[in-house]
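Input: a single structure, listed below in structure tokens.
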Amino acid sequence: MSLRAELIRAIADARDRAVTDGSLAIPSDVELPAIGLEKPAKPEHGDWASNVAMQLTPVARTAPMRIAQIISDHLDHHPAIAEASIAAPGFLNLRLDPRWVAGQVGPILDVEPSYGRETTTHPRSINVEFVSANPTGPLHVGNARGAFVGDVLSRVLAAAGHQVTREYYFNDFGAQVINLGLSVLARRHSTDLPEDGYHGAYVEELAAEMPDELALRAAETPDDAGILIGRWASERVRAGIEASLARLGVTFDVWKEESSLHDEGWVERAVTRLRESGHIHETDGATWFRSTDFGDDKDRVIVRSNGQPTYFASDIGYVTEKFDRGFSELIYIWGADHHGTVARVRNAAQAMGYDREAVRMLLIAWVRFVRDGAEIPMSKRSGEFITLDDVLNEVGVDAARWFFSSRAYTTGIDFDLELAKKQGNENPVYYVQYAHARASSILRIAADAGLAPDASSAGELLSHPAEQALVHHLLDFPDALAQAAERRETHEVPRYAYELATAFSAFYRDCKVLTDDVALSSARLALVDATRSVLANVLDLLGISAPDSM
RNA sequence: GCGCCGGUAGCUCAGUGGAUAGAGCGUCGGCCUCCGGAGCCGAAGGUCGCAGGUUCGAAUCCUGUCCGGCGCGCCA
């Protein structure tokens with residue numbers, strides 16, 4: 001349990017005791033509000049501040065200051081708490097015992113490198129499906145954001161103690177593969193592209209790379225030329241996508257093809273399931289899902305009147321296929337333009353008897369790519385567009401990872417390539433890596449001098465404000481990880497990493513580690529080692545390397 | 001027209017009911033006899049789009065409104 005969770009528990013216990021012994025009158029039928037506990041902005045307000053008394057004011061019908069006093073009086077002894085005080089208009093402020101704080105360095109090192117990990121009390125089996133770009137063109141930066149968010153989220157969930165499967169869904173079933181084939185063919189023969197054809201330079205490259213033998217076969221069977229060349233081209237594109245992802249350090253456990261959902265009967269079974277539960281109707285020759293039964297504004301076609309299943313049909317089959325594999329939660333990381341399909345998929349899941357809350361779509365807002373103030377078009381069909389490889393070449397993997405995982409995925413962002421390049425060396429990611437390298441360097445020098453970290457007396461020796469502040473930050477790590485996992489967000493992780501690096505820099509400035517005082521030096525070395533460990537840990541959550549020197 | 005997501009410092013973004021709204025970059029001014037200067041310290045910079053409402057308290061919740069992005073197909 002994180003320190004924050006322990007303190008909340010202590011406050012809750014105090015509140016409950018006060019109710020039990022009659023000092024606090026709260027009707028038994030009201031639901032108690034959650035206890036807020038946060039770090040106050042001003043140091044004189046203590047290390048932690050709770051609004052518990054103000055939250056209870058309406059239900060207890062007592063002045064908040066008085067409630068705060070009562071809870072403070074009932075607070076059981078917790079080894080971490082040195083002092084509880086109350087402040088207007090009703091805050092309960094806690095100050096931690098500096099010796100206890102400093103004494104935590106040892107326990108952190110004892111469990112390192114797994115400190116802060118696997119703290120969830122409700123481990124789930126979670127499927128995270130992300131990227132899932134169609135195999136009709138290289139990845140572009142719009143995909144990049146989802147790739148990094150999905151990757152980091154997967155790392156965070158796994159670190160928090162969940163079982164995570166990373167999944168990539170290949171849409172290989174519709175007409176777009178044929179469209180790709182026809183586009184390549186058109187480029188090959190320098191004829192006009194089909195309507196809605198693909199325009200990118202990669203199409204021309206594919207046309208040039210196409211084996212003569214394939215071109216010959218396509219010419220012999222003109223009716224099948226599109227699918228023939230399309231499959232070949234799609235494989236090439238897919239290989240490129242996988243190579244790009246590998247370069248990003250983004251890996252997947254499962255590559256799922258849409259066609260397999262049909263081949264293995266998942267779509268058919270799902271439709272049957274909906275039909276048997278009365279959520280299907282046949283109108284105008286098509287098969288419809290009664291999405292309106294669940295609040296949607298219209299019903300949705302599953303099978304067209306021409307007998308062809310829609311994309312939505314695959315989605316439904318996929319839901320059953322995933323749950324059949326035993327997942328307790330499905331996370332979809334989609335582009336924000338897909339938000340219109342969220343409701344219908346969740347509705348269908350509910351109709352088939354699944355918990356709709358277990359089907360979660362994270363909609364990633366779009367990235368506007370600009371260069372020198374001008375927007376770069378993003379469509380694969382519109383000619384020039386930015387590929388993932390372009391970004392990596394210009395900005396670098398670590399900086400790109402940091403950039404994309406440090407923004408809330410709901411926020412649309414502008415990415416100026418020239419600015420990103422210019423700021424390459426000032427990117428905060430290097431600041432965090434630098435702190436890790438510096439810590440490693442100190443440990444290296446100490447080791448050469450025969451000095452080893454020793455946390456046994458840290459509680460007594462590490463009393464300097466900078467030391468205290470640094471340990472406080474280390475103690476925040478389990479909670480930072482737990483919060484990110486709980487909220488299914490990533491951007492709090494870089495924030496925490498930066499703050500920890502800042503605290504370490506301040507410590508480095510104020511407290512010389514290697515001195516003639518062996519006891520103090522050993523204790524400070526232990527703190528450096530613990531910091532290095534957590535920095536490495538948090539960088540690992542981001543998929544960013546933790547260099548020993550740079 | 002309806003729906004979803006945004007609007008916070010010059011720029012890029014945090015802040016999902018608490019105390020004087022924060023960070024990075026940029027700007028200005030300081031700091032290298034010292035374990036890594038990819039660093040540190042300080043300063044300037046804000047009607048939190050706007051208007052009402054809810055309450056002890058609102059950037060945060062509700063209503064309305066303006067601006068921007070996206071979606072509303074028997075496309076994917």
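A, B, ... follow the sequence lines: proteins, then strands. Residue 1 opens every chain.
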Side chain of [X] only, heavy atoms from C-beta on: which candidate in [options] is closest?
| X | options | answer |
| --- | --- | --- |
| A:F91 | B:rA38, B:rG18, B:rA14 | B:rG18 |
| A:S441 | B:rG36, B:rC13, B:rA14 | B:rG36 |
| A:E38 | B:rG39, B:rG18, B:rC13 | B:rG18 |
| A:Y434 | B:rA14, B:rA38, B:rA19 | B:rA38 |
| A:S505 | B:rG36, B:rG39, B:rC13 | B:rG39 |

With a cut-off of less than 4.0 Å, is there a side-chain N or O of [X] near OP1 or OP2 of [N]?
| X | N | answer |
| --- | --- | --- |
| A:R438 | B:rG37 | yes |
| A:Y431 | B:rC40 | yes |
| A:Y430 | B:rG39 | no |
| A:R509 | B:rC41 | yes |
| A:S406 | B:rA14 | no |
| A:H436 | B:rG36 | no |

A:F294-A:H279 aromatic ring centre distance below 6.0 Å: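 Aromatic pair counts; centres sit under 6.0 Å.
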
A:H262-A:F173 aromatic ring centre distance below 6.0 Å: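 That pair passes the under 6.0 Å test.
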
Regarding [X], tell me which of base, sugar-phosphate or nothing describes its non-hydrogen contacts under 4.0 Å with the strands shown.
| X | result |
| --- | --- |
| A:I302 | nothing |
| A:P89 | base |
| A:D172 | nothing |
| A:T502 | nothing |
| A:A437 | base |

What is the separation between atom [atom1] on [X] and atom [atom2] on [N], rounded to the nearest whole Å?
| X | N | atom1 | atom2 | answer |
| --- | --- | --- | --- | --- |
| A:R368 | B:rG68 | CZ | P | 13 Å |
| A:L362 | B:rC5 | CG | C1' | 14 Å |
| A:Y498 | B:rG22 | OH | P | 17 Å |
| A:D510 | B:rC41 | CG | P | 9 Å |

Give me the ring orientation class for [X] and [Y]: parallel if the planes are under 30° apart, tilted from 30 to 60°, perpendicular past 60°.
| X | Y | result |
| --- | --- | --- |
| A:Y311 | A:Y169 | tilted |
| A:F148 | A:F404 | parallel |
| A:Y496 | A:F477 | tilted |

Considering only the [atom1] atoms, how many Å lie between [N] and [M], rounded to the nearest integer?
| N | M | atom1 | answer |
| --- | --- | --- | --- |
| B:rG45 | B:rA23 | C1' | 14 Å |
| B:rG46 | B:rC11 | P | 12 Å |
| B:rG64 | B:rC5 | P | 15 Å |
| B:rG24 | B:rC66 | C1' | 30 Å |
| B:rC13 | B:rA9 | P | 11 Å |
| B:rA14 | B:rU63 | C1' | 27 Å |
| B:rA21 | B:rC48 | P | 11 Å |
| B:rG53 | B:rU47 | P | 22 Å |

Any A:K256 side-chain heavy atom under 4.5 Å of A:K322 side chain: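 Of all side-chain heavy-atom pairs linking A:K322 with A:K256, none is under 4.5 Å.
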
Side-chain donor/acceptor of A:N93 to base of B:rA19, under 3.5 Å: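 Result: at least one qualifying N/O pair found.
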
Atom CZ of A:R356: over 12 foreign heavy atoms under 6.0 Å: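 Enclosed.
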
Polar contact flag, side-chain donor to acceptor under 3.5 angstrom, A:D548-A:S440: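 Per modelled atom types, A:D548 and A:S440 side chains form a pair under 3.5 Å.
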
Exercise: do A:T292 and A:D299 side chains pair donor with acceptor under 3.5 Å: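 Judged by distance alone, the side chains do pair up.
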
In the strands shown, is [N] matched to any nucleotide by a Watson-Crick or G-U wobble pair with both distances under 3.5 Å, and which?
| N | answer |
| --- | --- |
| B:rC28 | B:rG42 |
| B:rG36 | none |
| B:rC61 | B:rG53 |
| B:rG6 | B:rC67 |
| B:rG73 | none |

Partners passing ring pair (Phe, Tyr, Trp, His ring centres under 6.0 Å) against A:W48 (at least two apart in sequence or in another chain):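 Ring pair (Phe, Tyr, Trp, His ring centres under 6.0 Å) check on A:W48 returns nothing, list empty.
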
Closest-nucleotide ordering on RNA chain B, the 5'-leading residue of A:P58 and A:F507: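 The 5'-side residue here is A:F507.
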
Along RNA chain B (nearest heavy atom to each residue), the more 5'-positioned of A:I445 and A:H45: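 With A:I445 and A:H45 compared, the 5'-side residue is A:H45.
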
Assigned glycosidic conformation for B:rC32 [threshold 90° from 0]: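 Classified syn.
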
Taking only nitrogen or oxygen atoms into account, show me every contact under 3.5 Å that the protein makes with nucleotides 73-76 of chain B, one pair per line with its distance.
from	atom 1	to	atom 2	distance (Å)
B:rG73	OP2	A:K298	NZ	2.9
B:rC74	O3'	A:R304	NE	3.2
B:rC74	O2	A:S305	N	2.9
B:rC74	O2	A:S305	OG	3.0
B:rC74	N3	A:S305	OG	3.1
B:rC74	N4	A:D284	O	2.9
B:rC75	OP2	A:R304	NE	2.4
B:rC75	OP2	A:R304	NH2	3.1
B:rC75	O3'	A:R304	NH2	3.1
B:rA76	OP1	A:R304	NH2	2.4
B:rA76	OP2	A:R304	NH2	3.1
B:rA76	OP2	A:Y311	N	3.3
B:rA76	O3'	A:N171	OD1	2.8
B:rA76	O3'	A:N171	ND2	2.6
B:rA76	O3'	A:Q176	NE2	3.0
B:rA76	O2'	A:N134	ND2	3.2
B:rA76	O2'	A:Q176	NE2	3.3

Pi stacking test for A:H339 and B:rG71: under 5.5 Å apart, planes under 30°: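 No; by the centre-distance and plane-angle rule, A:H339 does not count as stacking on B:rG71.
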
With A:K39, the side chain to side chain contact (heavy atoms under 4.5 Å, CB included) member among A:R4, A:H45, A:H472: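 Of all the options given, the one that passes is A:H472.
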
